[in-house]
Amino acid sequence: MTAATWPVGLTLTSWDYMWRITPLHRREIVEHGLSGHLPPPVPEGVDRAEILGPDRGRGPLFHRRYRTQIADARLGPDELMATLKANLNRAAPTKFARFQRVLGDEGPLVAGDEFVVRMPGPWDGPVRVVAADERSFRLATLEGHLEAGQIEFRVLPGDPIAFEIESWARSADRFADLLYDRARLAKEVQLHMWISFLEGVVSISGGRMTGGVDIDTRRVESGAP
C-alpha cells in the first residue's frame, strides 16, 4: 500500500489550467483487492439494461470520495437535497457540464430517470438514476459512457452539515483508460467538475464552505485487464 498527499492549487479543465481559491486536500492510495471498493448493488425493480458495471470496465478501479462541510447553511439536509434533486444544474458548473434529462418526467429526479451529462469534447456521459431517497441519490453509467460504475451524492446532517460525492468506477474501454489513468487528463477534468459541483451545492445551501474539499482516491489494482 502506498499513499501520497498533495497541497493543490492547480487543476486541469478541458481547455487549460486554472487557479482555484478553494483549498483542496488530496490523498491517493494504491490497494489490491476489490473488497470494500465496489458500488452498492442496483436495487430490485430498476432497469439493468445498458448499465455498465465495473466488471465491464478496463484497468484499475477508482474509488473516490469528495467531501466538504457547510457552515451556517440556511437549508436543512432534507431541503438541500430536495432542491438539488429538483434541478441538478443549480449545482453543476453549466459552462463546463450540464445535466440533460432524456428519460423521466419533469420535477425531482426519481429512480429510473436518465440523464446525459453534456461536456466539451468526448466527455458526454449517459447515466441512469438507480436509487434516490430524502438525503441521497445514486447514478449508474450506461453504454456510451467513458466510465463503468456508479456515483452517489449525499448530504450528511450535523453541525456543520456535510456533502459527499462518492464514485466507484473503472474506465469503460482501453481508450478511456488511456485518457483517465495513463494521461490523467480525464481524471483531472472529473476532479474539476465535482469540486465545482460541491461549490454549487454550498451556494444552494446559503451557507459557506469550511475546511475546503477533501478528495480521497483509492486506486484498486484487482488484476483485471
- Applying side-chain hydrogen bond (donor to acceptor under 3.5 Å, both in side chains), run through T217 and R64 and close with a yes or a no. CA-CA 4 Å; T217 301; R64 308 189 88 182; 3.0 Å; yes

- Common cluster, L24/I70, ILVMFWY with side-chain heavy-atom separation under 4.5 Å: yes

- Query: Same cluster or not: are L109 and L75 linked, directly or through other Ile, Leu, Val, Met, Phe, Trp or Tyr residues, by side-chain heavy atoms under 4.5 angstrom apart?
  - Reply: yes

- Task: Linking directly or through intermediates, with side-chain heavy atoms under 4.5 Å: list the remaining ILVMFWY members grouped with L103, chain and number order.
- Result: none

- Message: As a quick check of understanding, evaluate salt bridge (charged side-chain N to carboxylate O under 4.0 Å, His left out) for R56 and E143, giving each step before the final call.
- Response: CA-CA 10 Å; R56 297 182 59 187; E143 291 180 8; 3.5 Å; yes

- Note on the structure: In this structure, CG of D72 is separated from OG of S205 (nearest 0.5 Å) by 9.0 Å

- List for me each residue that meets side chain to side chain donor-acceptor pair (under 3.5 Å) alongside Q69, sequence neighbours excluded, and say none if there are none. none

- What are the two closest non-hydrogen atoms of R170 and G59, and how far apart are they? NE-O, 2.8 Å

- Query: Where is the tightest heavy-atom contact between A97 and M193, given as atom of each residue plus distance?
  - Reply: CB-CE, 3.7 Å

- Considering all heavy atoms, the nearest G144-P126 contact: C-CD, 3.9 Å

- Between T141 (side chain) and E147 (backbone), is there a donor-acceptor pair under 3.5 Å? yes

- Task: Report the residues that fulfil side chain to side chain donor-acceptor pair (under 3.5 Å) with D133, sequence neighbours left out, ordered by chain and then residue number.
- Result: S136

- Run the side-chain hydrogen bond (donor to acceptor under 3.5 Å, both in side chains) check on E199 and T22 step by step: do they pass? CA-CA 9 Å; E199 292 169 338; T22 299; 2.5 Å; yes

- Task: List the steps, then state whether salt bridge (charged side-chain N to carboxylate O under 4.0 Å, His left out) holds for R219 with E221.
- Result: CA-CA 6 Å; R219 176 193 169 108; E221 303 286 357; 2.5 Å; yes

- Is there any side-chain hydrogen bond (donor to acceptor under 3.5 Å, both in side chains) pair reaching into residues 153-164, and which pairs are they, with sequence neighbours excluded? R67-E164, E152-R154, R154-E164, R154-E166

- By side-chain contact (heavy atoms from CB on, under 4.5 Å), which residues pair with A71, not counting sequence neighbours? P160, R208, T210

- Query: Is there a side-chain contact between L198 and F163, using heavy atoms and a 4.5 Å cut-off?
  - Reply: yes

- Query: When you look at Y66 and L191, which way does the side chain to side chain contact (heavy atoms under 4.5 Å, CB included) test go after all the steps?
  - Reply: CA-CA 9 Å; Y66 311 79; L191 177 76; 3.8 Å; yes

- Could you pull out the closest heavy-atom pair between T68 and G212, with the gap in Å? OG1-O, 2.8 Å

- Flag yes if I195 and L156 sit in one hydrophobic cluster, no otherwise; membership is Ile, Leu, Val, Met, Phe, Trp, Tyr, and two members link when side-chain heavy atoms are under 4.5 Å apart. no

- Task: May I have the step-by-step check of side chain to side chain contact (heavy atoms under 4.5 Å, CB included) for L34 and L61, ending in yes or no?
- Result: CA-CA 8 Å; L34 293 171; L61 181 142; 4.2 Å; yes

- Task: For the pair D216 (side chain) and R65 (backbone), establish whether a donor and an acceptor sit closer than 3.5 Å, ignoring hydrogens and angles.
- Result: no

- V155 and P77 have their tightest heavy-atom pair at CG1-O, 3.4 Å

- Atom CD in Q150, atom CG in L38: separation rounded to 0.5 Å? 10.0 Å

- Please identify each residue that fulfils side chain to side chain donor-acceptor pair (under 3.5 Å) with D113, with sequence neighbours left out. R101

- Can you tell me which residue pairs pass the side-chain hydrogen bond (donor to acceptor under 3.5 Å, both in side chains) test with a partner in residues 77-95, sequence neighbours excluded? D78-R135

- Parallel, tilted or perpendicular: which fits the ring planes of F137 and F153, with parallel below 30° and perpendicular above 60°? parallel

- Item | I151-M119 co-clustered via ILVMFWY side chain contacts under 4.5 Å | yes

- Query: Any link between L139 and F96 through a network of hydrophobic side chains (Ile, Leu, Val, Met, Phe, Trp, Tyr) touching at under 4.5 Å?
  - Reply: yes

- Task: Work out which heavy atom in A131 is nearest to a heavy atom in A111; give both atom names and the distance.
- Result: N-CB, 4.4 Å

- Message: Working to the nearest 0.5 angstrom, can you tell me the gap between R218 CZ and E31 CD?
- Response: 5.0 Å

- Side-chain donor/acceptor of H25 to backbone N/O of G211, under 3.5 Å: yes

- Task: List, by chain and number, the other hydrophobic cluster members for W168, where Ile, Leu, Val, Met, Phe, Trp and Tyr join if side-chain heavy atoms come within less than 4.5 Å, directly or indirectly.
- Result: none

- Which residues pass the side-chain contact (heavy atoms from CB on, under 4.5 Å) test with D55, sequence neighbours left out? none

- Task: Report yes or no: does R128 contribute a side-chain atom to a donor-acceptor pair with the main-chain N or O of D47 at less than 3.5 Å?
- Result: yes

- Query: How does the hydrophobic cluster around I51 look, that is, which other residues are in it when side-chain heavy atoms under 4.5 Å mark a link?
  - Reply: V42, V46, V130, L142

- May I have the step-by-step check of side chain to side chain contact (heavy atoms under 4.5 Å, CB included) for V110 and V129, ending in yes or no? CA-CA 7 Å; V110 296; V129 182; over 6 Å; no

- Task: Would you indicate whether the side-chain heavy atoms of P60 and V220 approach each other to under 4.5 Å?
- Result: no

- Query: side-chain contact (heavy atoms from CB on, under 4.5 Å) with A91: which residues, sequence neighbours excluded?
  - Reply: L84, F197, V201, I204

